[in-house]
Amino acid sequence: MGKLLSVVVSVYNEEPALREFYEETGNVLNALPAPWDYELLFVNDGSRDKSLSILRELAAVDGHVKVVNFSRNFGHEAAMIAGIDYADGDGIICMDADLQHPPEYIPEIIKKLEEGYEVISMVRTRNKTAGMIKNITSAAFYKVINYMSDVKFQANASDFFAMSRDAADVLRNNYREKVRFLRGYVQSIGFEKTTIEYEARPRFAGESKYSLKSLFKFSINTILCFSDLPLKLGIYSGCAVALFGLAVMIYTIWTWFQYGTPSGYATIVVLISFMFAMLFVIVGIIGEYIAILFAELKDRPIYIVKNTENLEKKEAR
């Protein structure tokens with residue numbers, strides 16, 4: 001009995017790389033061993049260039065190519081979960097269209113699926129195109145999230161990953177948050193897991209769609225989604241301030257006995273400034289959690305599909 005491999009590809013303004021990606025990935029997929037067949041499922045995330053036109057041309061000449069076209073840009077995470085929703089494969093691989101995720105690893109991923117593994121995380125060992133700041137902040141992010149969260153994540157795991165149909169069904173039916181960290185969910189759902197190391201290629205064309213600002217926001221949302229430790233900061237900081245206040249009180253009494261009534265102006269200013277700073281930090285953290293709760297309560301769709309190519313109509317999730 002044949003098996004189907006779904007390769008899910010997020011596309012946002014990838015016009016220069018799409019044809020090269022199709023050619024290179026298609027060569028790998030066409031050489032898949034029996035009983036594997038494949039579908040190449042592109043999710044156009046509101047591209048402003050000619051990416052959609054190229055995808056439609058490819059879909060018109062190749063029935064393996066399927067296209068999900070968003071009504072606007074919903075973001076990379078939404079595009080990947082949409083691809084998983086629409087994928088029909090017994091195995092699903094998620095990757096980017098810029099060729100930083102090497103297609104030649106697909107046969108190795110299939111071997112892992114055939115061995116019984118249901119979640120395969122691709123771990124990046126090296127990324128020549130990433131700057132020093134990005135590499136440092138990426139390493140720091142995983143250290144922080146692993147310290148604060150009960151779920152322990154594989155460092156340098158990327159958006160290049162694979163899963164079985166059963167694992168994908170969990171994401172389709174249960175993990176439907178509006179603010180999400182998909183590669184984290186993939187690592188946290190359980191099942192038989194393994195990793196494959198790879199070296200990221202240089203980007204074929206274009207530049208990263210993530211600015212430092214968006215990466216910072218993404219990191220904060222991820223930490224808040226997987227940990228409630230920041231909410232407990234108020235308790236910890238309250239205890240610290242209480243101890244600090246006790247120390248200041250003891251120091252004030254001691255100076256009063258030694259030198260008479262001390263001048264308290266500087267001490268008061270420092271204490272007030274410190275306590276207000278802590279208060280605003282805690283209020284800000286609570287505000288971030290409320291913003292996430294507000295997004296979930298509104299229950300707006302993760303994505304909106306405008307049209308598809310070579311796909312049967314599916315009920316929107």
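Everything quoted here is computed from the prediction, not taken from an experiment.
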Next item on the list: Could you check Leu5 against Ile106 for side chain to side chain contact (heavy atoms under 4.5 Å, CB included), going step by step and ending with a plain yes or no?
Entry: CA-CA 10 Å; Leu5 178 70; Ile106 291 176; 3.9 Å; yes

Note to self: Using side-chain heavy atoms (C-beta onward) and a distance below 4.5 Å, is Met163 in contact with Leu171?
What the structure shows: yes

Next item on the list: Please report the shortest heavy-atom distance between Glu15 and Lys50, naming the atom on each side.
Entry: OE1-N, 3.3 Å

Notebook entry, point to check: Going from CG on Leu41 to CG on Leu311, what distance comes out if it is rounded to the nearest 0.5 angstrom?
Noted result: 5.5 Å

Next item on the list: Using side-chain hydrogen bond (donor to acceptor under 3.5 Å, both in side chains) as the criterion, list what pairs up with Glu114, not counting sequence neighbours.
Entry: Trp36

Next item on the list: Identify, with sequence neighbours excluded, every residue that meets ring-ring contact (aromatic ring centres under 6.0 Å, His included) alongside Tyr38.
Entry: His64

Margin query: Whether the side chain of Ser164 engages the backbone of Gly91 through a donor-acceptor N/O pair (distance < 3.5 Å, no angle test) should be reported.
Written below: no

Notebook entry, point to check: For Lys112, what residues pass the side chain to side chain contact (heavy atoms under 4.5 Å, CB included) criterion, not counting sequence neighbours?
Noted result: Glu115, Tyr117, Ile120, Thr194, Ile196

Check: So do the side chains of Glu14 and Asp96 get within less than 4.5 Å of each other, counting heavy atoms only?
Finding: no

Item checked: Asp90 side chain to Lys3 backbone, donor-acceptor under 3.5 Å -> no

Notebook entry, point to check: Got Val28 and Pro107 here, is their nearest side-chain heavy-atom distance under 4.5 Å?
Noted result: yes

Next item on the list: Please report the closest heavy-atom contact between Tyr105 and Glu199, naming both atoms and the distance.
Entry: OH-N, 4.1 Å

Next item on the list: Determine yes or no for a side-chain-to-main-chain donor-acceptor pair under 3.5 angstrom, with Asn73 supplying the side chain and Asp45 the backbone.
Entry: yes

Next item on the list: Give, for atom CD of Glu20 and atom CG of Leu99, the distance between the pair rounded to the nearest 0.5 Å.
Entry: 6.0 Å

Margin query: Is there a continuous path of hydrophobic side-chain contacts, each under 4.5 Å between heavy atoms, that joins Leu113 to Leu4?
Written below: no

Checklist line | Set of side-chain hydrogen bond (donor to acceptor under 3.5 Å, both in side chains) partners for Ser6, sequence neighbours left out | finding: Glu39

Item checked: side chain to side chain contact (heavy atoms under 4.5 Å, CB included) partners of Ala82, counting only residues at least two apart -> Val43, Phe70, Tyr303

Next item on the list: Could you tell me whether Arg19 and Glu57 make a salt bridge, using a distance below 4.0 angstrom between a side-chain N and a carboxylate O?
Entry: yes

Next item on the list: Enter the distance from Ser121:OG to Phe161:CZ here, rounded to the nearest 0.5 Å.
Entry: 8.5 Å

Next item on the list: Kindly write out the residues that satisfy side-chain hydrogen bond (donor to acceptor under 3.5 Å, both in side chains) with Asn174, not counting sequence neighbours, or none if the list is empty.
Entry: none

Notebook entry, point to check: What distance do Glu197 atom CD and Arg124 atom CZ have between them, rounded to the nearest 0.5 Å?
Noted result: 12.0 Å

Checklist line | Spatial distance of atom CD1 (Ile189) from atom CG (Asp166) [nearest 0.5 Å] | finding: 10.0 Å

Note to self: Looking at Asn30 and Gly26, would you say the former's side chain and the latter's main chain have a donor-acceptor pair under 3.5 Å?
What the structure shows: yes

Next item on the list: Might you point out which heavy atoms bring Pro103 and Thr25 nearest each other, and give the distance in Å?
Entry: CG-OG1, 3.5 Å

Check: Are side-chain heavy atoms of Phe42 and Val65 found at a separation under 4.5 Å?
Finding: yes

Margin query: What's the separation between atom CE in Met95 and atom CG in Leu40, rounded to the nearest 0.5 Å?
Written below: 9.0 Å

Item checked: With sequence neighbours excluded, residues passing ring-ring contact (aromatic ring centres under 6.0 Å, His included) with Phe160 -> His101, Tyr198

Notebook entry, point to check: Where do Val67 and Ala59 come nearest, in terms of heavy atoms and distance?
Noted result: CG2-CB, 4.3 Å

Note to self: Can you give me the closest heavy-atom contact between Ser10 and His76, atom names plus distance?
What the structure shows: OG-CD2, 3.2 Å

Note to self: Quick one: does any side-chain atom of Arg176 pair with a main-chain N or O of Pro301 as donor and acceptor, under 3.5 Å?
What the structure shows: no

Next item on the list: Count the heavy atoms of every other residue, nucleotide or ligand shown that sit under 6.0 Å from CD of Glu192, and state whether that count exceeds 12.
Entry: no

Note to self: Looking at every non-hydrogen atom in both residues, tell me the closest pair between Ser51 and Val11 and how far apart they are.
What the structure shows: CB-CG1, 3.9 Å

Next item on the list: Answer yes or no: is there a side-chain heavy-atom contact under 4.5 Å between Ile302 and Phe74?
Entry: no

Note to self: Can you list everything that forms a side chain to side chain contact (heavy atoms under 4.5 Å, CB included) with Arg48? Sequence neighbours excluded, please.
What the structure shows: Tyr12, Asn13

Item checked: Pair Glu309 + Arg56, salt bridge at N-O below 4.0 Å -> yes

Check: Could you give all pairs that pass the salt bridge (charged side-chain N to carboxylate O under 4.0 Å, His left out) test and reach residues 236-249, with sequence neighbours left out?
Finding: none

Check: Going through the checks in order, is the side chain to side chain contact (heavy atoms under 4.5 Å, CB included) test met by Tyr22 and Ile54?
Finding: CA-CA 10 Å; Tyr22 169 74; Ile54 295 173; over 6 Å; no

Check: Who pairs with Lys111 by side chain to side chain contact (heavy atoms under 4.5 Å, CB included), at least two apart in sequence or on another chain?
Finding: none

Next item on the list: Please list, chain by chain and in numerical order, all residues satisfying side-chain hydrogen bond (donor to acceptor under 3.5 Å, both in side chains) with Asn44, sequence neighbours excluded.
Entry: Ser47, Asn69

Check: Excluding sequence neighbours, so at least two apart, what forms salt bridge (charged side-chain N to carboxylate O under 4.0 Å, His left out) with Asp169?
Finding: Arg172

